[in-house]
There are 2 protein chains.
Amino acid sequence: MHPTSIATADGITKVLAVIGGKWRINIIWCIGRKGSIRYNELKRQVTGISNTVLTRSLEDLASHQLIERIDYHESPPRVEYRLSVDGLSLFPLIEQLDCWGTATCAKNDANEQY
Amino acid sequence: MHPTSIATADGITKVLAVIGGKWRINIIWCIGRKGSIRYNELKRQVTGISNTVLTRSLEDLASHQLIERIDYHESPPRVEYRLSVDGLSLFPLIEQLDCWGTATCAKNDANEQY
DNA sequence: CAGTATCCGTTACGATACTG
DNA sequence: CAGTATCGTAACGGATACTG
């Protein structure tokens, strides 16, 4: 096994390593929905996230090859984030999860009306 | 809004509340694959998980209506876990995530062979 | 067998202030 | 604008021993 691979566990393990955090899925979701997005707009969309956490999450997602960071080297700085090929292939699954969550929420809310 | 609902954020938030933990997805996956499963077998399948964490996860998943706990009230105790209706509807999405993870792993491993 | 109880360590998360 | 640096906290995860 080569050094950079994560001991090739099963697919779930790989997925968890990527989207396991508290904000990761949300971030991918936001980037995917916008196509490309800048740091501060992303921060506004992902309500409640702090600078530190957002930065770390973006670094982590980039290192896992799920997003791409495009630095235009301008002043004032302009940096855009977008989904990589892998990220794009993951995105529809996240959309499905969102649908499931919404549907389940709605159903449970309805049932709780006693 | 009624007290028991989780402030109806978006679907992603609901999903994260459910599968956000380190083992949750794995547990659902194992239960779903077996149909129904007992505590100790589950513990064997989910390699590395401790009693405390497994128990907490199961309680949590049950409280989120994703799994059902069936206690046969025998001695020695026999308890089975299986997916609820909600859990069953989530299961295929987890399978897809697993596929994605496996495919992505394989692809990246191949690329890294330099 | 199916858990509890206890206690501890790590890590992720977070607020705030500051920088190129 | 797009972050870094620093410090603090809380939640999660985990090992071990014990119980009905």
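Below, each value reflects all heavy atoms present in this structure, side chains not excepted, and no hydrogens, waters or symmetry copies. Chain identifiers are assigned alphabetically (A, B, ...) following the order of the sequence lines, protein sequences preceding nucleic acid strands; residue numbering begins at 1 within each chain.
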Practice item. Could you say whether B:Y81 or A:R24 is positioned toward the 5' end of DNA chain C, judged by the nucleotide with the nearest heavy atom to each? Key: B:Y81

Exercise for review: For A:N51, check side chain to side chain donor-acceptor pair (under 3.5 Å) against everything at least two apart and list the hits.
Suggested key: A:Y39, A:K43

Exercise for review: Name all residues meeting the side chain to side chain donor-acceptor pair (under 3.5 Å) criterion together with B:R78; count only those two or more places apart in sequence or in a different chain, and write none if there are none.
Suggested key: B:E74

Point to revise | Non-hydrogen atoms of B:V18 and B:L61 that approach each other most closely | key: O-CD2, 4.0 Å

Check your understanding: When we call it a touch if two heavy atoms are under 4.0 Å apart, what does B:V79 touch: a base, just sugar-phosphate, or nothing?
Key -> sugar-phosphate

Exercise for review: Check every strand shown and say whether A:K22 touches a base, only sugar-phosphate, or nothing at a heavy-atom separation below 4.0 Å.
Suggested key: sugar-phosphate

Review point. Is A:I94 reachable from A:L88 through a run of I, L, V, M, F, W or Y residues, each pair having side-chain heavy atoms under 4.5 Å apart?
Key: yes

Point to revise | A:I37 with A:I70, same ILVMFWY side-chain cluster at under 4.5 Å | key: no

Point to revise | Footprint string (nucleotides 15-20 of chain D, 5' to 3'): B base within contact, S backbone only, - free, heavy atoms under 4.0 Å | key: BBB--B

Review point. Residues in salt bridge (Lys or Arg N to Asp or Glu O under 4.0 Å) with A:R69, at least two apart?
Key: A:D71

Exercise for review: Go through the structure and list residues passing salt bridge (Lys or Arg N to Asp or Glu O under 4.0 Å) with B:E41, not counting sequence neighbours.
Suggested key: B:K34

Integer-rounded Å distance: [N] [atom2] and [X] [atom1]:
| X | N | atom1 | atom2 | value |
| --- | --- | --- | --- | --- |
| A:L54 | D:dC1 | CG | P | 14 Å |
| A:N40 | D:dC1 | CG | P | 5 Å |
| B:N26 | D:dG13 | CG | P | 12 Å |
| A:R44 | D:dG3 | CZ | P | 13 Å |
| A:I37 | D:dC1 | CD1 | C1' | 14 Å |
| B:K43 | D:dG13 | NZ | P | 16 Å |
| B:Q45 | C:dA2 | CD | C1' | 17 Å |
| B:L16 | C:dA12 | CG | C1' | 15 Å |

**Study point:** Under the 3.5 Å Watson-Crick or G-U criterion, the dot-bracket string of DNA chain D, with | for inter-strand pairs
**Key:** ||||||||||||||||||||

Point to revise | Presence of B:W23 side-chain N/O under 4.0 Å of D:dC12 phosphate oxygens OP1/OP2 | key: no

Check your understanding: Quick one: is D:dG3 close enough that its OP1 or OP2 comes under 4.0 Å of any side-chain N or O from A:R69?
Key -> yes

Exercise for review: Taking the side chain as every heavy atom from C-beta outward, state whether A:L58 and A:L42 have any atom pair closer than 4.5 Å.
Suggested key: yes

**Study point:** Listed partners of B:S36 passing side chain to side chain contact (heavy atoms under 4.5 Å, CB included), at least two apart
**Key:** B:E80, B:R82

Point to revise | Of all pairs that satisfy side-chain hydrogen bond (donor to acceptor under 3.5 Å, both in side chains), the ones with a partner from residues 89-101 of chain A, not counting sequence neighbours | key: A:S89-B:W100, A:Q96-B:Q96, A:W100-B:S89

What side-chain donor-acceptor pairs closer than 3.5 Å can you find for residues 23-31 of chain B, not counting sequence neighbours?
| from | atom 1 | to | atom 2 | distance (Å) |
| --- | --- | --- | --- | --- |
| B:R24 | NH1 | B:D60 | OD2 | 3.1 |

Review point. When rounded to the nearest 0.5 angstrom, what is the spacing between NZ in A:K14 and OG1 in B:T104?
Key: 6.0 Å

Review point. Quick one, which residues of residues 55-63 of chain B touch DNA chain C with a heavy atom under 4.0 Å?
Key: B:T55, B:E59

